[in-house]
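Have a look at the structure below before the remarks.
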There are 2 protein chains.
Amino acid sequence: MSRFKTGEFVAQPGSEILAEGASSTQLYTALEGMGLRYKTLEDGRRQVVGFILPGDFIGLQSGVMGEMKHSVEATTRMTMCVFNRSELWDLFKNHPRRSFGLTHLAASEEFLLGEMLSAVGQMDGIAKIAWVLNRFYKRLTALGLNENDQVPMPYRQQDIADAMGLSLVHTNKTLAKLRVEGFATWSGDTLTVHRPEELAELGYAKGVKPLKRPLI
Amino acid sequence: MSRFKTGEFVAQPGSEILAEGASSTQLYTALEGMGLRYKTLEDGRRQVVGFILPGDFIGLQSGVMGEMKHSVEATTRMTMCVFNRSELWDLFKNHPRRSFGLTHLAASEEFLLGEMLSAVGQMDGIAKIAWVLNRFYKRLTALGLNENDQVPMPYRQQDIADAMGLSLVHTNKTLAKLRVEGFATWSGDTLTVHRPEELAELGYAKGVKPLKRPLI
DNA sequence: CGGGAAGTTGAGCCGCGTCAACCATAGTGG
DNA sequence: CCACTATGGTTGACGCGGCTCAACTTCCCG
């Protein structure tokens, strides 16, 4: 895969990596740091459509559909691996396994979005918050970033609110509820989960397994 | 593409084509009729994650990830084109254009889900309903199924409610509002849109263009 | 020490969910 | 041919979860 790598790129916290509507000629894989995918509505509201963790691919839509359908922003400092879009073709022509992996990746994204849609559409406030915290905890644990039930959580409450379709105020109050009830504590940029099982149950997510993704 | 076709399949209205969790060895393309994609939560609630129209691909997740992440149900009688999963490999190995098209398709699905998530997460009741009706109207018009501002609409109100995260009752009342205000009338299995522009505006969807998809 | 960004908390209201009838249509069996 | 039933649509009453507004508190960073 290193054949395709054309360089590394470092994004500063708060900077926009790809803009909705842009047709970038570059694609990225996140190596370190965390980011956000979001869509902006005409009245300024924002829907967060995904959290970017190390290993995630960025810009597939642009590569395959010609333009990005959401923006991508670095939350922490991020280092990324850069590819050129033109190499996508080479990949499809000469590396069927890799291109299959890419499709797998797209299907996985679709799966994640479907899960999120179910949460946003069907759950009440407390379940939504429990659901994201749990999903986060599981993904980061799978990445080996869990130390003593603590995982990094560099986002703002507003990001979680925009992800789950709740107001900032209500998100805050719901987090407080989870805290005093002893399920999980999110303070500063670390999330501590005290009772993983019960948190997962609150988020109706007993059966969700971590995704295994083929290397790319 | 006909090389890959292994047959045709007809599904009766109300029947389940693929079940969540199933690892089918068959993939389908819808030729005629309409269907639903949905996820079922543990407490029985349902989130509709997509409407299937002629030309849509069914079972990509199963083909590429090993199992379906949502169920698929025929709403009307549907006729579908059937492929075998094993042929997916052949496609990736020997038909880069086709496999690229498949990835494009997966990315398009992801895009649609993102749009839907934004609507469900950020809009209020009337905007949500206006948004789906408008999306439906546009997609069906693009398929040439529009006659005199009328398009087929074989779904139940419950399906729309489950798609937009609203209760059946509130969906019904909101539809009534759109009807008396003269935006759109949905009666029986036809949807009549009287003022497309204003309906679209209600749904914050001025800028949404129909997707062009490469043939598969 | 001043200013801006994020988090916290209370008050008050309303959109939407739930409950509960009731109506319309179509298919079924006696 | 007509009760009987099932499915889907319609409408009103009422309560609550979550939104908005608004103040206040940290905590940085210059």
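Letters A, B, ... mirror the listed sequences (proteins, then strands); counts begin at 1.
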**Item:** Check ion pair Arg46(B)-Asp159(B) (N to O, under 4.0 angstrom)
**Value:** yes

**Fill in**
From CG of Leu168(B) across to P of dG9(D) the rounded distance in Å is 7 Å

**Message:** Among dC16(C), dT18(C), dT11(D), which nucleotide has an atom closest to any side-chain atom of Leu166(B)?
**Reply:** dC16(C)

**Message:** Measure CG/Leu175(A) against C1'/dG18(D) and give the value in whole Å, please.
**Reply:** 15 Å

**Prompt:** Looking only at side-chain N and O atoms, does Arg179(A) come under 4.0 Å of OP1 or OP2 in dT8(C)?
**Reply:** yes

**Message:** Regarding Lys39(B) and Glu115(A), does a basic nitrogen lie under 4.0 Å from an acidic carboxylate oxygen?
**Reply:** yes

**Prompt:** Can you find a side chain N or O atom of Gln158(A) that sits less than 4.0 Å from OP1 or OP2 on dA5(C)?
**Reply:** no

**Euclidean distance, atom CG of residue Asp159(B) to atom P of dT7(D) [Å, nearest integer]** = 15 Å

**Message:** Expressed as a whole number of angstroms, how long is the span from Arg156(B):CZ to dA24(C):C1'?
**Reply:** 17 Å

**Message:** For a quick check, tell me whether the side chain of Lys173(A) and the base of dG10(C) share a donor-acceptor pair closer than 3.5 Å.
**Reply:** yes

**Asked** What is the distance, rounded to the nearest whole Å, between atom CG of Asn172(A) and atom P of dA5(C)?
**Response** 18 Å

**Asked** Can Tyr137(A) and Asn146(A) be counted as having a side-chain donor-acceptor contact under 3.5 angstrom?
**Response** yes

**Message:** Check this for me: does any side-chain nitrogen of one of Asp56(B) and Arg139(B) sit under 4.0 Å from a carboxylate oxygen of the other?
**Reply:** yes

**Asked** So which nucleotide from dG10(C), dT11(D), dG18(D) ends up closest to the side chain of Val169(B)?
**Response** dT11(D)

**Euclidean distance, atom CD1 of residue Ile126(B) to atom P of dC14(C) [Å, nearest integer]** = 17 Å

**Prompt:** Between Glu109(B) and Arg37(B), does at least one N-O distance fall below 4.0 Å, as a salt bridge requires?
**Reply:** yes

**Request:** Starting from P on dT11(D), measure out to NZ on Lys177(B) and report it in whole angstrom.
**Result:** 13 Å

**Request:** Measure from the side chain of His170(A), starting at C-beta and using heavy atoms only, and say which of dG9(D), dT18(C), dG18(D) lies closest.
**Result:** dG18(D)

**Request:** To the nearest Å, give me how far apart CG (Asp124(A)) and C1' (dC19(D)) are.
**Result:** 15 Å

**Prompt:** Hey, does Gly165(A) reach any base, or is it just sugar-phosphate, or nothing, if we go heavy atoms under 4.0 Å?
**Reply:** sugar-phosphate

